[in-house]
Amino acid sequence: MTLSHLPVPAGPPDDVPYETWKGESEVLAEAGAAGRRAAAWLRALPLPEAGGRPQRWVVAELADAVEWAMGSLDPGDCDRMDVDGVAVDGGGGVDAATMAHLAGLPFALPETAGWLSPDQQVRLLAVVGTVTAIVRLLAHDPESFIEHGELSRMCAILTHAARPDGAAWT
């Protein structure tokens, strides 16, 4: 099998100035606000009297991870080729530790069975899944994700999932 490397652009990758996309600052501000709403919903979940570590993790560390991820989005941290022609996964501006917190939800979810209603559990999964998807989609193709309104649509899903119990936000 023959491996062919793609040609490397002239100069180091940092010599090309980063240009923002149309509507970037507005949509990133919208994403930060959606993240703050989602984190507030997580923090407002009622802890049972005998709340254990998984319940405290959801309303504290996981809420912080959701807020941090949505507030840290950076289209400049996208998938790219390094100087040797090797593909490098971008992080969308979100560090690996934050992504690890988001990835931890499936392990904590069984502990929420007696604590959260099925509706709250589904919404919790929707919040974390949406935030994780936003980070990866932004890192994969920031231009399309921002300019075609996909990030705004994902923020609407996040806001809907994180609505206060019993009512949809308008």
Side-chain angles (χ1 to χ4, degrees), residues 13-14 18-47 51-80 82 87-112 115-116 119-165 168-169:
D14 291 338
Y18 169 71
E19 294 184 24
T20 60
W21 287 281
K22 180 182 175 190
E24 179 180 326
S25 59
E26 294 84 3
V27 77
L28 291 177
E30 176 186 355
R36 287 188 297 278
R37 285 190 297 273
W41 175 72
L42 289 170
R43 291 181 185 114
L45 290 171
L47 274 175
R53 174 78 181 117
Q55 291 89 354
R56 289 191 310 274
W57 178 79
V58 167
V59 300
E61 287 98 342
L62 185 60
D64 291 345
V66 165
E67 185 171 11
W68 176 257
M70 294 301 291
S72 300
L73 294 175
D74 178 6
D77 184 12
C78 58
D79 297 346
R80 61 196 175 282
D82 72 3
V88 176
D89 286 336
V94 181
D95 60 89
T98 301
M99 293 304 288
H101 273 296
L102 296 170
L105 178 63
F107 302 101
L109 196 62
E111 300 294 327
T112 67
W115 166 47
L116 298 175
D119 178 65
Q120 289 171 321
Q121 290 177 14
V122 168
R123 289 169 46 209
L124 179 59
L125 281 170
V127 164
V128 173
T130 301
V131 171
T132 303
I134 285 171
V135 172
R136 284 306 313 140
L137 289 167
L138 184 68
H140 179 67
D141 186 4
E143 181 179 13
S144 294
F145 198 53
I146 291 170
E147 288 191 348
H148 296 142
E150 295 168 20
L151 179 53
S152 291
R153 285 190 292 279
M154 295 290 282
C155 288
I157 292 168
L158 180 60
T159 296
H160 181 76
R163 70 192 182 278
D165 289 337
W169 284 1

Considering all heavy atoms, the nearest V94-A69 contact: CG2-O, 3.6 Å
Report the distance from atom CD of Q120 to atom CG of L42, rounding to the nearest 0.5 Å. 10.5 Å
Gap between atom CG of L137 and atom OG of S144 - 0.5 Å precision: 10.5 Å
What are the two closest non-hydrogen atoms of G35 and L158, and how far apart are they? N-CD2, 4.1 Å
Are L138 and C78 close enough that some pair of their side-chain heavy atoms sits under 4.5 Å apart? no
Here's a test for you: under side chain to side chain contact (heavy atoms under 4.5 Å, CB included), which of T130, V128, V135 qualifies with T132? V128
For D89, side chain to side chain donor-acceptor pair (under 3.5 Å) partners two or more places apart: none
Sub-3.5 Å donor-acceptor pair from the side chain of D79 to the main-chain atoms of G90, do we have one? yes
Between the side chain of Q121 and the main-chain N/O of L116, is any donor-acceptor distance below 3.5 Å? yes
From CD (E26) to CG (L151), nearest 0.5 Å: 12.0 Å
Donor-acceptor under 3.5 Å (R123 side chain, A162 main chain): no
Taking the side chain as C-beta and beyond, is there a heavy-atom pair between M154 and V131 under 4.5 Å? no
How close do W115 and L45 get, counting heavy atoms only, and between which atoms? CZ2-CB, 4.1 Å
State the CZ-CZ distance between F145 and R153, to the nearest 0.5 angstrom. 9.0 Å
Please evaluate residues M70 and C155 with respect to the criterion side-chain contact (heavy atoms from CB on, under 4.5 Å), reporting the C-alpha separation (whole Å), side-chain torsions for both, the decisive distance (0.1 Å), and the verdict. CA-CA 9 Å; M70 294 301 291; C155 288; 4.2 Å; yes
For H160, is there any backbone N or O sitting under 3.5 Å from a side-chain donor or acceptor partner on R163? yes
To the nearest 0.5 angstrom, please state how far the CG atom of L124 sits from the CG atom of D119. 11.0 Å
Indicate the atoms forming the closest heavy-atom contact of A39 with A63, along with that distance. CB-O, 3.4 Å
Which atom pairs, donor and acceptor, lie under 3.5 Å between side-chain atoms of residues 101-108 and protein residues at least two apart or in another chain?
unit_1, atom_1, unit_2, atom_2, d
H101, ND1, W57, NE1, 3.3

With sequence neighbours left out, what residues match E61 under side chain to side chain donor-acceptor pair (under 3.5 Å)? R53
Which heavy atom in A65 sits nearest to a heavy atom in T98, and how many Å separate them? O-CG2, 3.5 Å
What heavy-atom pair brings G93 and D77 nearest, and what distance separates the two atoms? N-OD2, 3.0 Å
Out of curiosity, L28 CG to S72 OG, how far, rounded to the nearest 0.5 Å? 11.0 Å
We want to know whether E30 and S152 form a side-chain donor-acceptor pair, criterion being a heavy-atom distance below 3.5 angstrom. yes
